[in-house]
Amino acid sequence: MKHIVKILSLLLAVSAFWIGLLQAAIIPPGYNTWLLPIYFVVSLGCYGLLMVGLGLMQFPTCPQEALLLQHDIAEAKDFFKHKGVDVGSD
Amino acid sequence: MAEEKKYKYSIIVPTYNERLNIALIVYLIFKHLRDVDFEIIVVDDGSPDGTQEIVKQLQHLYGEDRILLRARAKKLGLGTAYIHGLKHATGDFVVIMDADLSHHPKYLPSFIKKQLETNASIVTGTRYVKGGGVHGWNLMRKLTSRGANVLAQTLLWPGVSDLTGSFRLYKKSVLEDVISSCVSKGYVFQMEMIVRATRKGYHIEEVPITFVDRVFGTSKLGGSEIVEYLKGLVYLLLTT
């Protein structure tokens, strides 16, 4: 099944649930019809922002890797110099 | 004790103007894969800086059976470079990696080990988990990356933490299968590969890798890249 179909089915199921609740008058009259959809979109937005924020705070960095890379480059250049391979410069 | 089956690994490296980097990469691959049966397939798109001459010297040094030069006349794109390299690959597994040293060959043993341990069809490198990381990105770049990732995770449920990464190990037959159904270009192509692989039910494992971006300083992540990315996401959302 295509992914978009899965997502649409999920949304459809949730909407059907909400409409069902409205129709069966389980939700007291006076509640905005659009309550669940609005909450859904807003919480999705908040969740997204939270994930971005958390991810940004925990973003793994590796400054030491740049240094290690410089060592590796020097080692490799040295090797090639001795083997007579002219690698030129960066 | 049963004889351990020895596998061969084909490492495909597409290059364009990587005269120095290709030599460094070859040196590092040989350094880190001492007891492994592998071949390096350099797919060069007619580099004007002499990349192919360097590769020929490397072939002289390491052997033409270890380094294959399969060049093309001009810049024809990454996807087709992989397909071209695949045609000449004789390994059981295929590794794809970038030529600019943002992908360090020292992680190759961990890819191989992970695959042998889990019998995964694909092992993909991820920069975004503990043990991995990125160097060379400013805050804005990290923000865009993180935002893009969250959006992709929410929409696509891709099953991997790093969608746009291009440091991966595939079972040869799996790569052939997945690549035949991908049509995108650039980094959306990398996303499409991993998403299609997930949809097809292939077993995918991740290993942490570090990514040193030496290019970012010179290229900007502009509005057009963002638009391309969003278009790619929508395309993947609708067609996978």
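Every value quoted in this text rests on a predicted model; they were computed, and no experiment measured them. We name chains A, B, ... by the order of the sequence lines, and we start the count at 1 in each one.
The two residues Cys62(A) and Gly133(B) have their closest heavy-atom pair at SG-C, 3.6 Å. A pairwise comparison of heavy atoms in Leu10(A) and Trp157(B) identifies CD2-CH2, 4.4 Å as the closest pair. The minimum heavy-atom distance between Pro60(A) and Arg127(B), with the atom names listed, is CG-O, 3.4 Å. Considering every non-hydrogen atom in both Leu56(A) and Arg146(B), the closest pair reads N-CG, 3.9 Å. In terms of heavy atoms, Leu101(B) sits closest to Leu69(A) at O-CD2, 4.1 Å.
The stretch residues 26-33 of chain B places Tyr27(B), Leu28(B), Lys31(B) near chain A, each with some heavy atom under 4.5 Å from a heavy atom of that chain.
Phe59(A) contributes atom CZ, which lies 5.0 Å from atom CH2 of Trp137(B) (distance to the nearest 0.5 angstrom). One finds the CD1 atom of Ile209(B) at 10.5 Å from the CD atom of Glu65(A) (value rounded to the nearest 0.5 Å). The CD1 atom of Ile4(A) sits 4.0 Å away from the CG atom of Leu237(B) when rounded to the nearest 0.5 Å. Here the OG1 atom belonging to Thr198(B) is positioned 10.5 Å from the NE2 atom belonging to His3(A), to the nearest 0.5 angstrom.
When the shell of 6.0 Å around NZ of Lys200(B) is examined, it contains more than 12 heavy atoms from other residues, nucleotides or ligands. Within a 6.0 Å sphere centred on NE2 of His203(B), heavy atoms belonging to other residues, nucleotides or ligands number more than 12.
For the set Gly48(A), Gly53(A), Gly55(A), the count of heavy-atom pairs under 4.5 angstrom toward chain B peaks at Gly55(A). Interface check for chain A: of the options His104(B), Lys142(B), Lys106(B), Glu53(B), the most heavy-atom pairs under 4.5 Å are formed by Lys142(B). With respect to chain A, the highest number of heavy-atom pairs below 4.5 Å among Asn149(B), Leu155(B), Leu236(B), Val195(B) belongs to Leu155(B). When each of Leu139(B), Thr154(B), Leu61(B) is checked for heavy-atom pairs under 4.5 Å with chain A, Leu61(B) comes out on top. Of the listed residues (His60(B), Gln57(B), Gln153(B)), the one with the most heavy-atom contacts under 4.5 Å to chain A is Gln57(B).
Here the side chains of Asp72(A) and Leu24(B) are not in contact, with every heavy-atom distance at 4.5 Å or above.
Only the side chain of Leu68(A) comes within contact range of chain B, with heavy atoms under 4.5 Å apart. Only the side chain of Ile7(A) comes within contact range of chain B, judged by heavy atoms closer than 4.5 Å. Within the 4.5 angstrom heavy-atom criterion, only side-chain atoms of Val150(B), from C-beta onward, approach chain A.
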CA sep, side-chain torsions, deciding dist, call: Leu58(B), Phe80(A), side-chain contact (heavy atoms from CB on, under 4.5 Å): CA-CA 9 Å; Leu58(B) 294 168; Phe80(A) 285 120; 3.4 Å; yes

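A search for ring pair (Phe, Tyr, Trp, His ring centres under 6.0 Å) contacts involving Phe167(B) returns His103(B), Phe111(B), not counting sequence neighbours.
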